[in-house]
Structures are given as structure tokens and as C-alpha cells.
> 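Starting off with a structure, shown below.
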Number of protein chains: 2
Amino acid sequence: MTFQKRAHKILELLEELGEVEIRQLAAEIGVSEVTVRRDLANMAASGLLYRTHGGAMKVSQLIKPVSFANKAAVNFKAKDAICKRAAEDINDGDVIFIDCGSTAFRLCQFIKNKKIKVITNSLPVVNELQNSAVTINLIGGEVDPIRQAIHGTIATEHIARYHASKAFLGADGITCDGLYAGSEHEASNTLAMASQSDQTYLLCDVSKIGKTSYLKFDDLSVVDILVTDYNGPEITEFQSKEILVYSVTY
Amino acid sequence: MTFQKRAHKILELLEELGEVEIRQLAAEIGVSEVTVRRDLANMAASGLLYRTHGGAMKVSQLIKPVSFANKAAVNFKAKDAICKRAAEDINDGDVIFIDCGSTAFRLCQFIKNKKIKVITNSLPVVNELQNSAVTINLIGGEVDPIRQAIHGTIATEHIARYHASKAFLGADGITCDGLYAGSEHEASNTLAMASQSDQTYLLCDVSKIGKTSYLKFDDLSVVDILVTDYNGPEITEFQSKEILVYSVTY
DNA sequence: CATAAATGATTATTTTTGATTGATTATGAT
DNA sequence: ATCATAATCAATCAAAAATAATCATTTATG
């Protein structure tokens, strides 16, 4: 039983039940709880599900605003520190892209009072910024019910009609070779946003650094600034590729 | 029983009852009062409810933007009856437009189990159809924070790229002379949806019949079917304009 | 065969929960 | 109004459960 097969099974059960327990999954799939936990961590990082204490639930079942439930989210302290640093570069009057994904989502809390325009394909971002000072443009297209984001060719084309001063992007993994995504849709949206903005920020907590996923979609050429809580040896490699690195601590 | 699950339960009970006591919640959910108190503190901090001595209260409707999502909405019985009748015409395989507005929103509950594609510019519709059998396409563009909908020229252009078999539209007012809207944006979206679908249904409860608003945007030529709880004299006039009228009672 | 990756067992750490206790707040009688 | 009583609350602590981290073992892969 490979990871892909288990992931499929888990998503199936999740779709059917809305929420699942680790105990239950381990028994159902026939692997140890440790493995299930690892799988869930992976899938949560890709935005396929929301990790709870003892199990997982569908992202779409989260209570809105999502920031409420997210207090217990994976690695949220690192993500908050990253986003706080990134938000310092956002000024009134800016037009920014915000990518979908749990990391970029945490940017919302730091920009609520800024007079900016946010263009996003993430439904949680829209919900979160609902009653804030920012004006929101939502990318149109197919709704991905699992990731809670807008995807598809129409979405990608729609992004191309906008232009922003800064883009705040996420990725499933990043190595010195490039960026990795969990799905083609996400990759093309991320790339589209990058190409339509003056500066692109990549928000990556330590768990993403050095990690690869099934689809490599960029050789790091689109990334201008990497914001991360990681400070290991790869940092200099990123810098040698003309990437400015913001190292944050918390 | 995780925190998220309890939060759901609490919000559910709160929505139903208006206010709840800690004793009651503890018994209902099957956890200690201490835990309930902790949950309520968390939720109150996020503005999901008001904490009272011994329990909690629902936050006032004024503060919540999506006011038409709950049963307290205006005239909901008539709207439900209208939408129920309209939903009978929706079959598996259909592609339909759903307009923004409180009336069309109530269509959601009747189509959750249909295998259809819904194209909409209404954020509450997207939220409501989240865990349903339907696939959703969201119109892109500017987010109107008051109406909870997407509008603007990009939105109108985006609608033009789709085609649907049926469109379920709303209006601020309808007379024998035409349709009235409260804003240009809404009007152009409604018109765009109408022109891109084979059949257009207008969902209007009695309070809209005979009412005018500041912008007349159509002379009834785009309306194929009017679904309403009104059964006064104007009905024959609508019929004489080649509009099929579904009169519902409740 | 050697290396790398994935899995499972074990242990330490963290999170969650519920009980207890003293402080605070509401209620009603005077 | 004031006080006494009862209820609720916040804080602390301990137990249980879940998680993260480490290491050994198994399984794949070149």
C-alpha cells in the first residue's frame, strides 16, 4: 500500500464522513498510526485536509472565519512569523496577489488594516478579509472543493488580466533546483501570479525546504524573495540564485 | 470529540436557540463544564458568539454580514416555496446560473443532491453548496462586501464565457414594464446570465411584485418563467408578455 | 549488493481534558 | 441600598491522550 493509495483512501473516507480519526484510519487501511499521522501531515501541508487533534477534517467544514480554527494548525507559529515579516513590506496603495494554501492564508491577519487591494483565488482568504479595510478581487473559475480555491484554465487566464506590485505565494516544496506543487492547477496559478507581479515573495516554513512533490514547476527564477524560518546551509544556495532571503525567528 | 466538532455543535445549538447554558451544552456534548467554558472563551475571542454569565448568546444579525443565510431572513417561507418549485425543473446534468441575492440563495437547499454544475457570483451560494454533490464555478471579479457577491466588468465578461441551460435570477422589483435593480453591477450580471442561458427563471416573492427601484434594466423580454407566491391581477399581464408563471402557495 | 526510502516501535514532549480551590459575579431577602 | 447566599468563573494541577522525535527494521530501487 503506497502513500498515493493511502492518500486516496483517506480522502475518500473524508469525503464520505467529513471527519476521520487516526485510530480508525490505521485500522481501515492496515498501517500503523505513525504512518497515518505522517500521511495526514503531508496532506495537510498540501491543503488537502485540515489536521485536528486525533484526526482530520475537510477544509470546507471549517468554521468561518477560518482563522478561528487555525489556531491549532500545523506549524502556525512559524507561519505567523513568516507572514508578519512579509506583511512589513506591504504598504498602503499596494495591489497584491495572495496564493491559496495555509501559509499564505496567515498573511490576512497582518493586512486587515492596510488600504490595499488583494487579488486571490483562495476562498478562506476572501472570507477572512471580508470585513477589513482591503478591497478584494476574486479570481474566477472552477471551485476546488477540497483545497477551497479557484482553479482551472479560466482562473489562470483571469489572473493574467491583473497586475500587482507584489505576489505572496506558497509551494508544496522547495529545493535548490526549483519549486514543487501538489497539483498542476496550483502550479499554473502560482506561476501566473508570479508573472503578473513586480516582486514575488515565496512564503515557506521549514517543513517545505528541501522537500519535493510530484510536480516541479519552476527553477526558482520567478522567486525574488524567500521568507522562511529555516536558516540551514541551503540558504546561501538560494542567495546565489539571486533570491533575497528573509530569515525569521520566533 | 475534537474542539472543532464541539464548536460546530455549539454554533448549531446557538443558531437554533439563540442562547445556550453551559450546563446544557456540557450535557448535550458530553464533556465537562470546564471544557465548554474553554470552548466558549475561544469562540467569543474570535467573535463567533457573545459570552454571558452561565452561557452564551448568538451574535446579533447586524454584525454578521451573511444575514440571509439563516432562518431569520425576510419572508423565507415564501422564498423557500418559490425555490422549491423552481428546483423541480432542475435535473441531473444541468448547468445553471444562480444569481446573487437572498431569494436565489434559498435555491441551494433544494439542489444539494443533484448532479449539476452551478455557476454563480454569490459567495453565500458557494459556501452553502460546499459539501454537496454539485460542482461550482465561481464568477471572478471585484468582491462587493455588502452584497457578498462578485461584480464589475470583469465579472460580466466572465459570465459571457459560460453557457447554461437555466438561469435562476433575482431582481429588486418587477412590474409589467420591466425589471428593476438596486445597482448597475447587479443588473449587468443578471442580464449577462440571462443572455447566456437557454431558459431564464425569475424568482420573486410578493414583496417585489409591482415594486420599482432606481434602475430599470430590462423590459421583461429576457424572462421566460416567473416563479412567485403572488397571484393578483398582474399575473395575466405577465402571461401576455409570453412569460410562463408558476404560482406557488405555502 | 548497496543505498535510499518507507514503515513501525519506543520514548519524550505536548496537548487536551477534568477535578479542585479560591475569587468573582449574580440574585434575592432584608 | 446592603448583605448573605448561591452560582459561575479563572487558575492551578494532575491524568490521559495524542504528537513529535529518535532509532531500528523492513521494503523498494538502482
> Taking only the side-chain nitrogens and oxygens of B:Arg51, find out if one of them lies under 4.0 Å from OP1 or OP2 of D:dC9.
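Result: yes.
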> Side chain of A:Arg37 only, please: which of C:dG18, C:dG8, D:dT19 is the nearest?
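Output: D:dT19.
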> May I ask you to test the A:Asn91-A:Lys166 pair for a side-chain heavy-atom distance under 4.5 Å?
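Sidechains of A:Lys166 and A:Asn91: in contact.
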> When you compare the side chain of A:Leu202 with that of A:Leu220, does any pair of heavy atoms fall below 4.5 Å?
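With C-beta onward as the side chain, the pair stays apart.
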> Would you kindly give the CZ-to-C1' distance between B:Phe3 and C:dT15, to the nearest whole Å?
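Distance, rounded to whole Å: 13 Å.
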> Taking CG from A:Leu40 and P from D:dA18, how many angstroms apart are they, rounded to a whole number?
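Spelled out: CG on A:Leu40 to P on D:dA18 is 13 Å.
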> Can you say whether the rings of A:His185 and A:His151 are parallel (under 30°), tilted (30 to 60°) or perpendicular (over 60°)?
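It falls in the parallel class, under 30°.
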> Rounded to the Å, how far apart are B:Gln4 CD and C:dT15 C1'?
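One finds 13 Å between C1' of C:dT15 and CD of B:Gln4, rounded.
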> Which one, D:dA7, C:dG18, C:dA9, comes nearest to the side chain of B:Val31?
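My answer, after comparing the listed nucleotides, is C:dG18.
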> Rounded to the nearest angstrom, tell me the gap between atom CZ in A:Arg38 and atom C1' in C:dA6.
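Whole-Å distance recorded here is 7 Å.
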> Round to a whole Å and report the spacing from NZ of A:Lys211 to P of C:dA6.
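Answer to the nearest Å: 12 Å.
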> Just checking, is any N or O donor in the side chain of B:Asp80 or B:Tyr250 under 3.5 Å from an acceptor N or O on the other one?
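There is no such pair (donor and acceptor under 3.5 Å, judged by atom type) between the side chains of B:Asp80 and B:Tyr250.
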> Can you check the A:Gln24 CD to D:dA18 C1' distance for me, whole Å?
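To the nearest whole Å, that distance equals 16 Å.
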> Under 4.5 Å between any side-chain heavy atoms of B:Val95 and B:Tyr162, yes or no?
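When only atoms from C-beta onward are counted, B:Tyr162 and B:Val95 do not touch, as no gap falls below 4.5 Å.
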> Whole Å only: how far is the CE atom of B:Met1 from the C1' atom of C:dT16?
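Value for this atom pair: 14 Å.
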> Report yes if at least one side-chain N or O of B:Thr35 is closer than 4.0 Å to OP1 or OP2 of C:dT17; otherwise report no.
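Answer no for this pair, as no side-chain N or O of B:Thr35 is under 4.0 Å from OP1 or OP2.
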> On the nucleotide C:dT17, are OP1 or OP2 found under 4.0 Å from the side-chain N or O atoms that B:Arg6 carries?
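The answer is yes; a side-chain N or O of B:Arg6 sits under 4.0 Å from OP1 or OP2.
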> Separation of B:Arg23 atom CZ from D:dA7 atom C1', in whole Å?
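Taking CZ of B:Arg23 and C1' of D:dA7, I get 8 Å after rounding.
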> Let's see if you can work this out: which of D:dT8, C:dT15, C:dG18 has an atom nearest to the side-chain heavy atoms of A:His53?
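Comparing D:dT8, C:dT15, C:dG18 against the side chain of A:His53, the answer is C:dT15.
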> Want to settle it: does A:Val34 or A:Glu21 sit nearer the 5' end of DNA chain D, counting the closest nucleotide to each?
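The residue closer to the strand's 5' end, by nearest nucleotide, is A:Glu21.
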